[in-house]
Structures are given as C-alpha cells and as structure tokens.
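Written below as structure tokens is the structure these notes are about.
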Amino acid sequence: MRRTILMATLTATVMAGAAMAADIQLPEPSKEGGKPLMNALAERQTSREFAETAIPEQKLSDMLWAAYGINRPSEGKRTVPSALNRQEIDLYAIMGSGAYLYNAPSNKLVQVSSEDLRADSGFGEFANKAPLTFVFVINKARQRMSDPMASTTIGAVDSGFIGQNIYLYCASEGMNAVFFATLDKDALATSLKLPKGNTVLYGQTVGFPPAGK
Ligand SMILES: Cc1cc2nc3c(=O)[nH]c(=O)nc-3n(C[C@H](O)[C@H](O)[C@H](O)COP(=O)(O)O)c2cc1C
C-alpha cells in the first residue's frame, strides 16, 4: 500500500515536472537596440515568404515584449494601449513544438497544446513551415463587454496595435511578417481549449526571409 502511494506520488511529481518543462521560460527581453523608429516605419511591410529557421529564444522574448510586454511594471501597463486598460487580448504563439499563451508578467510561454497546429488552423500556406504564427484572441472575462459589436470592434483595434508592434519589430530585425484575418476560428477555439466566449480574431505569421531573398 505504502509502495503504491509512493509510486503514485512519484508519477504525479514526474508528470507535473514534465508539464512545467513544456512551458518556455523566456530570457529577460532586451529593450535596447533595433533600428531607429523612422527606419523601421520605412521598412515595415507584409511578406508571405518564410525560412523554416527557428526563432532564437532571445529574439522571441524581445519580439513578445515589443508586441505586448509590460513597459511600466509599477502599473502593469504595456507597450500597447487597450480600451479601459482591460488588456483583453490573449496572444497565442503557434509553433512546431506546440501552442502557447504569452504570459507577460512572468515572461513565459505557457503551453496549451503539444500539437503542431500550423497546418491545420486555416492559416495561409505560408504558415505551414514558418516558425511562428501568433493568434489574437479576445478574453471575454477580462474584456467584460456584453455588446457583441463593441466587443469585436474594441478587440480588433487592440489587436491592431499589437500587430503593428510585431510588424515594426520584424522590420527592425530584418524579419518577415504577415497579419491576416483568414483562419479557422472554430478549429482554433477547440485546439487552443479556449474558454467559452473567447473569440479568435486574427493571425500573424513571422519568421526569417528565405535564403537568398
Ligand atoms: C485586418 C487585416 C486583415 C488582413 N487579412 C489578410 C489575409 O487574410 N491574408 C493575407 O494574406 N493578408 C492579409 N492582410 C495583409 C494585407 O493584405 C496587407 O497588409 C496589405 O496588402 C498591405 O500590404 P503591406 O502590409 O505590405 O502594406 C490583412 C491585413 C489586415 C490589416
């Protein structure tokens, strides 16, 4: 009996460890460098061609911070504005190793699926092998807006700010990006295990340009 309990405890501990290991603790973002803002604006563009090359964790951390990180820790406020400071957009990262929810305060990607969802989420073909596609989701509980039109409009605006930060980060780092509205929202709601009422809005694929381009 004692042995069974010990085995069960050990198994649970190992499983908890494995679950934690699947999250990605990102390195501290670097908030320096990059191209001057006017140069990044001059180079901002949509590109739908990507190398398969993975994005190094430091770059991933920097990109996420630029996109939606906390820039005023004492107030918990971010690099983007949001209506009523509700910060209602949940930013998911879809990668070959699984799907993750960005947790800005702990600078972590929390794994929500270990499946590679890149080819089955209705993204454009460009996303199938690209290293990373972001998915923008309204978190209904945080947004607290009952009117559907207001909810979607505000969610769209707040996503747009994040999307533009990602475009500018990519322009600054010589990376490619495409923001898009065509994606399988129902499939993603299921595969990301979204709470009922949370709404998928957009996607944005990022990566390095293909060799020689
Ligand atoms: C709200 C929105 C929705 C978009 N949807 C798509 C899309 O579904 N598929 C796609 O390939 N590009 C999409 N795009 C990218 C636009 O086609 C692109 O921004 C536009 O052609 C202008 O090019 P530029 O970004 O290089 O200035 C979308 C852009 C925005 C802002």
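In listed order, ligands and their atoms are each counted from 1.
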Atoms in ligand 1 flagged as close to Gln45, the criterion being non-hydrogen separation under 4.0 Å: 26 (O)

For Ala181, atoms of ligand 1 separated by under 4.0 Å from a heavy atom: 3 (C), 4 (C), 5 (N), 6 (C), 7 (C), 8 (O)

Minimum-distance pair of heavy atoms, taken over all atoms of Ile94 and Ala99: CD1-CB, 3.8 Å

Shortest protein heavy-atom distance from [atom], along with the residue and atom involved:
atom: atom 18 (C) of ligand 1; value: Thr46 OG1, 3.6 Å
atom: atom 2 (C) of ligand 1; value: Phe179 CD2, 3.9 Å
atom: atom 7 (C) of ligand 1; value: Phe180 CB, 3.3 Å
atom: atom 8 (O) of ligand 1; value: Thr182 OG1, 2.8 Å

Asp23-Gln25 side chain donor-acceptor pair, cut-off 3.5 Å: no

Donor + acceptor pair across side chains of Gln143, Asn139 (<3.5 Å): no

Partners passing side chain to side chain donor-acceptor pair (under 3.5 Å) against Lys108 (at least two apart in sequence or in another chain): none

Presence of salt bridge, Arg142 and Asp90, under 4.0 angstrom: yes

Heavy-atom proximity to atom 11 (O) of ligand 1, best of Glu125, Arg48, Arg44: Arg48

N/O donor-acceptor pair under 3.5 Å between Gln58 side chain and Glu28 backbone: yes

Non-hydrogen protein atom less than 4.0 angstrom from atom 22 (C) of ligand 1: no

